[in-house]
Number of protein chains: 2
Amino acid sequence: MKQDPQTSLGFLLVDAARLLRRRFEQENRDMPMTSAQLQIIARLSKNEGIGQAALASLLELEPMTVSRHVDRMVAAGLVERVQDPNDRRARQLFTTEKSRALLAPMRERANTLFDEAQVGLSSKEREALFAALQVVVRNLCAADASANPADDRPGRRTGSAPMADDVKQDILS
Amino acid sequence: MKQDPQTSLGFLLVDAARLLRRRFEQENRDMPMTSAQLQIIARLSKNEGIGQAALASLLELEPMTVSRHVDRMVAAGLVERVQDPNDRRARQLFTTEKSRALLAPMRERANTLFDEAQVGLSSKEREALFAALQVVVRNLCAADASANPADDRPGRRTGSAPMADDVKQDILS
DNA sequence: TGCCAATAATAACCCTGATTATTATATCCA
DNA sequence: TGGATATAATAATCAGGGTTATTATTGGCA
């Protein structure tokens with residue numbers, strides 16, 4: 001039905017992402033977790049106790065967006081919000097038993113879908129697609145930080161806190 | 001800041017699309033047209049007089065989504081809605097002088113941004129990215145229609161009308 | 001010490017997109 | 001000819017994402 005396929009990379013990319021997300025949500029209506037929530041839990045599970053602002057910067061989301069997500073996810077029993085003992089402004093986030101249990105099966109389904117989306121592409125082509133998208137994301141993140149990527153002073157970045165090196169270590173991998 | 005880059009194609013794709021869109025909207029706040037509206041006008045300009053349902057199926061969007069868009073765009077003077085003389089349920093859509101005038105400059109800016117997003121990729125890599133995304137979109141569209149792509153009876157498809165061949169001709173290219 | 005700038009979270013509001021349900025027509029066919 | 005069926009558009013409602021502005025705190029520094 002797409003008689004006149006997109007000739008522009010940008011719109012093609014946006015369309016692909018939307019279609020993928022739509023399919024995911026359609027196929028997982030029985031699951032008590034959306035794709036966005038899955039992504040958040042996946043990140044959080046590797047960074048238990050992190051604050052919302054830091055989580056936002058990991059996900060390249062606005063802090064407000066994360067705040068709303070956490071609201072809903074707390075209500076759904078997927079996340080726990082605990083007062084940070086060292087900072088009365090901040091809350092620490094933790095996954096719950098429920099969300100941890102959902103992580104593996106949801107990832108499974110997601111990967112199956114991602115695979116279906118790539119039917120017809122060779123492994124070489126898939127790797128190329130993956131690598132190219134990583135470049136795109138890196139370009140857009142860099143540009144987001146400042147005009148000159150080298151000039152990446154912390155305060156300039158949207159909602160991101162200057163992060164201590166040991167914290168960075170926790171986050172890596 | 002993305003210390004732990006996405007290892008999953010799907011989330012990488014969704015992230016790339018979101019970042020791209022965000023940058024676009026940020027850089028075009030002075031323009032009286034959003035990226036979604038640009039895409040709609042681009043399609044409509046090649047299919048003047050089309051109905052909302054048909055436009056929705058061209059864009060792979062739900063009819064309701066298009067309906068709301070048209071509401072806002074009519075209010076913004078970007079689209080005209082005319083009663084279809086042959087079908088009292090339907091309205092025909094037309095671009096306006098205003099939206100036609102915006103099409104070229106907006107496309108220009110969009111292409112510039114898309115180009116920036118691809119910095120670091122060779123032309124060969126860009127072509128591969130483009131081709132791979134087209135495959136992904138095709139896979140997801142086919143799967144959306146029905147389990148078996150061959151079994152694509154019209155009534156099964158979300159909101160899409162069975163379309164006369166001459167109309168298809170108009171839409172192509 | 002005491003004030004001012006940076007930060008964490010969030011409220012209010014807008015756009016995009018989807019799902020479900022309605023209403024008004026149009027069609028098809030018995 | 002009529003009635004079942006399909007289609008066009010849209011109202012209501014929900015999730016995802018963003019921007020701007022507020023409120024508490026924290027922290028640095030004069």
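Quick caveat: nothing in here was measured; it's all calculated off a predicted structure. Computed over heavy atoms, backbone and side chain alike; hydrogens, waters and symmetry mates excluded.
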Would one find a side-chain N or O of B/Arg21 under 4.0 angstrom from OP1 or OP2 of C/dG17? yes
By side chain to side chain donor-acceptor pair (under 3.5 Å), which residues pair with A/Ser35, not counting sequence neighbours? A/Arg21, A/Glu25
Check this one for me: any side-chain N or O of A/Arg81 less than 4.0 Å away from OP1 or OP2 of C/dT10? yes
Residue whose closest nucleotide on DNA chain D lies nearer the 5' end, A/Gln37 versus A/Arg89: A/Gln37
A/Arg68 has an atom CZ; how far is it from atom C1' of C/dC14, in whole Å? 11 Å
Quick one: side chain to side chain donor-acceptor pair (under 3.5 Å) partners of B/Asn86, sequence neighbours excluded? none
Please figure out whether A/Asn86 or A/Glu25 has its closest DNA chain D nucleotide nearer the 5' end. A/Glu25
So, OP1 or OP2 of D/dG18: does either fall under 4.0 Å of a side-chain N or O from B/Gln26? no
Starting the side chain at C-beta, find the nucleotide from C/dA8, D/dG16, C/dG17 nearest to A/Ala90. C/dA8
Taking only the side-chain nitrogens and oxygens of B/Thr34, find out if one of them lies under 4.0 Å from OP1 or OP2 of C/dT16. yes
Check ion pair B/Asp71-B/Arg81 (N to O, under 4.0 angstrom): yes
Taking OP1 and OP2 of D/dT20, is either one under 4.0 Å from a side-chain nitrogen or oxygen of B/Arg29? yes
What's the closest nucleotide to the A/Glu62 side chain, out of D/dT10, D/dT19, D/dA15? D/dT19
For D/dT19, does OP1 or OP2 lie under 4.0 Å from any side-chain N or O of B/Arg22? no
If only side-chain N and O atoms of A/Thr65 are considered, is one of them under 4.0 Å from the OP1 or OP2 phosphate oxygen of D/dG17? no
How long is the span from the CD atom in B/Gln39 to the CE atom in B/Met106, to the nearest 0.5 Å? 11.5 Å
Between C/dG17, D/dA8, D/dG16, which nucleotide gets closest to the side-chain atoms of A/His69? D/dG16
Taking atom C1' of D/dT10 as reference, at what distance in whole Å does atom CG of B/Asp71 sit? 8 Å
Between B/Leu38, B/Thr96, B/Thr95, B/Leu78, which is the residue that forms a side-chain contact (heavy atoms from CB on, under 4.5 Å) with B/Leu102? B/Leu78
Where the side chain of B/Met64 is defined as all heavy atoms beyond and including C-beta, which of D/dA12, D/dT20, C/dT16 is the nearest nucleotide? D/dA12
Side-chain donor/acceptor of A/Arg91 to backbone N/O of A/Gln52, under 3.5 Å: no
Below 4.0 Å: OP1/OP2 of D/dT10 and any side-chain N or O of B/Arg91: yes
How bent is the helix from C/dT1-D/dA30 to C/dA30-D/dT1, measuring the angle between the end axes built from five pairs each, rounded to 10°? 0°
